[in-house]
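First the structure, in the form of C-alpha cells, and then the observations on it.
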Amino acid sequence: MMNRVQRTILVCMATVSLGVSAAGRAGAALTYYYDPDTGTVAIDTAGTRSGGVYIFGLRLNPQASEIRFRTEEHLRLTNTTYFESRETQVAEGSLSTNIVGYYSIGEVLPSGLSEETWLNLFDDENYPCCYNSADQGFGHDFYTDVVGGGKPPEADFVYGLPNAEFDNRLDLIDPDSLTWAEQATLVYHAANGKVDLVTNGAEGGYITGYILQSVGEFMPEHYKAPLTVPFSQANESVIGLFADLIEPGKYKLGKILEKGMAPEEFEAVFTKATFAGRAGFGSTNFDFETQGLPFAIQYVAVPEPTSVTMLSILLIGSVLVRRRSRRD
C-alpha cells in the first residue's frame with residue numbers, strides 16, 4: 001500500500017505534471033523543437049513560469065504510430081538518476097534544481113518526419129488511453145515547471161531548430177559509475193538531542209533520499225537539511241528529503257529530538273527511518289516500505305558527571321603546566 005509520504009512525492013512529480021499539451025497550440029510555455037535533417041529533438045525552457053523545468057518527457061503511442069525513439073542517441077541533461085530512455089518514452093527529472101536553458105536531448109527520432117507528423121505525434125487527440133497509475137499519471141508529453149504550481153501551460157511544438165547554441169553540459173556524472181550506499185547511520189547525541197546523518201564508511205555511498213517518521217516527536221524548527229531542494233519536508237511527524245544526489249559524508253540534521261533520551265527511547269521514537277540509494281522513474285521508486293533501506297542507529301550517551309569533572313581537571317592542569325613553563 002502506498003504510504004502518505006510516497007503519495008506526497010508522487011503527487012509532486014506526477015499529478016502536478018499533468019500539463020499535457022496538444023502540439024502547436026498557442027500560448028505555450030515549454031517548447032519542443034524537431035530537426036528533420038538529423039532527427040534531433042530539443043527543448044527551450046525560457047517561456048515557462050519558472051524559467052525552467054523539473055521534469056519533462058515525451059511518450060509515443062505505439063497503437064497509433066510505428067515511430068520509435070532511438071534510445072542510443074538519447075542525451076542526459078543532468079546528473080539525475082531520474083532518466084528514462086525507452087523506445088516509447090524519453091524523460092528526465094531533476095529533484096535538486098530545475099533544468100534551465102536550450103538543450104538537445106539527442107537525435108532521438110528518425111530524420112525526415114514531415115511537419116504534420118511532428119505536430120501530431122504527441123497530440124492529446126491521438127492518444128486513446130486514459131491516465132492511470134500504471135503510467136504514473138503522465139500523458140505522452142509532460143512537464144513540471146513549478147513544484148506544487150498546478151497544471152502548467154500547454155507546451156508548443158516547433159518544426160525546425162532555432163539558430164542558437166545548445167546549453168548541454170560536458171561534465172555530467174554517469175550514475176552507474178557511483179557507489180550507492182547500502183548502509184547509512186543516524187547518530188543521536190543524548191547530551192543535546194542533535195542527530196547526524198552519516199552516509200560514508202565501508203558500506204556507505206551516495207543516496208537520493210530519506211524518510212524519518214515519528215508520532216509528533218520531531219522539533220522541525222531546529223532541522224537543517226543537507227541540501228536546499230524543492231522536494232523537502234519537515235514537521236513534527238515527518239522529516240524527508242529527495243534529491244538527484246546526496247554525496248557520501250556526515251550531515252548535521254540539528255537538534256530534532258529531545259535531549260537525554262535513553263537508548264531504548266531513541267530507537268522507539270522512529271516509526272520509520274529509511275533511506276534510498278539509487279532511484280529512477282517507476283511506480284515503486286518512492287515506496288519506502290519495499291524499496292527503502294533501514295538506517296542503522298547509533299546512540300552517543302551523555303558523559304558521566306565524574307568523567308566530565310576529571311576531563312575539566314586535566315584541561316585546567318594542562319593550562320597551568322603551560323603557564324609555568326613560560327615563566328621558567
Side-chain angles (χ1 to χ4, degrees), residues 3 5-6 9 13 76 78-83 92-97 171-214 217-220 222-234 238-257 259 261 263-282 284-302:
N3 61 47
V5 177
Q6 180 196 359
I9 192 69
M13 292 190 67
R76 180 185 294 276
T78 70
N79 290 326
T80 184
T81 58
Y82 299 90
F83 180 81
E92 185 164 348
S94 174
L95 299 185
S96 294
T97 184
D171 60 343
L172 297 178
I173 300 172
D174 183 356
D176 289 334
S177 68
L178 301 177
T179 299
W180 296 94
E182 296 182 8
Q183 179 175 309
T185 305
L186 292 176
V187 182
Y188 170 71
H189 300 270
N192 50 32
K194 293 181 178 180
V195 176
D196 298 332
L197 167 63
V198 181
T199 61
N200 53 11
E203 297 183 78
Y206 288 82
I207 67 173
T208 56
Y210 58 86
I211 285 290
L212 308 178
Q213 290 180 299
S214 73
E217 298 197 51
F218 296 138
M219 296 189 289
H222 300 303
Y223 171 63
K224 299 177 182 177
L227 301 171
T228 301
V229 294
F231 297 96
S232 182
Q233 182 177 4
V238 178
I239 290 177
L241 182 144
F242 305 89
D244 294 341
L245 298 172
I246 302 175
E247 295 184 356
K250 179 179 180 180
Y251 300 94
K252 298 182 182 298
L253 301 185
K255 182 185 174 184
I256 61 173
L257 292 174
K259 65 179 181 179
M261 288 184 177
E264 59 274 13
E265 292 176 316
F266 168 53
E267 292 186 23
V269 161
F270 300 105
T271 57
K272 180 182 295 299
T274 54
F275 69 94
R278 179 168 181 169
F281 284 116
T284 62
N285 287 143
F286 298 103
D287 185 356
F288 280 78
E289 295 287 348
T290 58
Q291 302 295 318
L293 298 173
F295 275 107
I297 300 295
Q298 182 178 339
Y299 180 88
V300 179
V302 178

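Bear in mind the structure is a predicted one, so any value in this text is a computation, not a measurement.
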**Item:** Closest heavy-atom pair and its distance - Phe275, Pro294
**Value:** CE2-O, 3.7 Å
**Heavy-atom side-chain contact between Lys255 and Asn192 under 4.5 Å** = no
**Prompt:** What is the distance from atom CZ of Arg278 to atom OG1 of Thr179, rounded to the nearest 0.5 Å?
**Reply:** 12.5 Å
**Message:** So Ile207 and Leu293, do their side chains get closer than 4.5 Å, heavy atoms only?
**Reply:** no
**Request:** Determine whether Trp180 and Pro175 make a side-chain contact, defined as any pair of heavy atoms from C-beta on separated by less than 4.5 Å.
**Result:** yes
**Asked** To the nearest 0.5 Å, how far apart are OG1 in Thr185 and NZ in Lys250?
**Response** 11.0 Å
**Request:** Would you check if there is a donor-acceptor pair between the side chains of Thr78 and Glu92 at a distance under 3.5 Å?
**Result:** yes
**Nearest heavy-atom neighbours spanning Ala184 and Thr199** = CB-CG2, 4.3 Å
**Prompt:** Counting distance only, does the side-chain N/O of Asp244 pair as donor-acceptor with the main-chain N or O of Asn79 below 3.5 Å?
**Reply:** no
**Asked** Do Gln298 and Tyr188 have side-chain heavy atoms sitting under 4.5 Å apart?
**Response** no
**Asked** At their closest point, which heavy atom of Leu241 faces which heavy atom of Ala243, and how far apart are they?
**Response** CD2-CB, 4.1 Å
**Prompt:** Once you round to the nearest 0.5 Å, how far does CD of Gln183 lie from CG of Asn200?
**Reply:** 11.0 Å
**Request:** Taking the side chain as every heavy atom from C-beta outward, state whether Ile239 and Leu253 have any atom pair closer than 4.5 Å.
**Result:** no
**Prompt:** Do the side chain of Thr80 and the main chain of Tyr82 share a donor and acceptor less than 3.5 angstrom apart?
**Reply:** yes
**Spacing of Ile173 atom CD1 and Arg76 atom CZ [to the nearest 0.5 Å]** = 10.5 Å
**Message:** Quick check for you: to the nearest 0.5 Å, what is the distance between Glu217 atom CD and Leu257 atom CG?
**Reply:** 7.5 Å
**Message:** Any non-hydrogen side-chain atom of Lys272 less than 4.5 Å from a side-chain atom of Val238?
**Reply:** no
**Item:** Criterion side-chain contact (heavy atoms from CB on, under 4.5 Å) on Leu212 and Val195, from CA distance to verdict
**Value:** CA-CA 12 Å; Leu212 308 178; Val195 176; 5.7 Å; no
**Prompt:** When rounded to the nearest 0.5 angstrom, what distance separates OH in Tyr223 from CD in Gln233?
**Reply:** 10.0 Å
**Distance-minimising heavy-atom pair for Asp196 and His189** = OD2-NE2, 2.8 Å
**Minimum-distance pair of heavy atoms, taken over all atoms of Thr81 and Thr208** = OG1-CG2, 4.1 Å
**Polar side-chain atom of Tyr299 near backbone of Met261 as donor-acceptor pair, under 3.5 Å** = yes
**Asked** Where is the tightest heavy-atom contact between Pro226 and Leu197, given as atom of each residue plus distance?
**Response** CG-CD2, 4.4 Å
**Prompt:** Which word best sums up how the rings of Phe270 and Phe218 line up, parallel for under 30°, tilted for 30 to 60°, or perpendicular for over 60°?
**Reply:** tilted
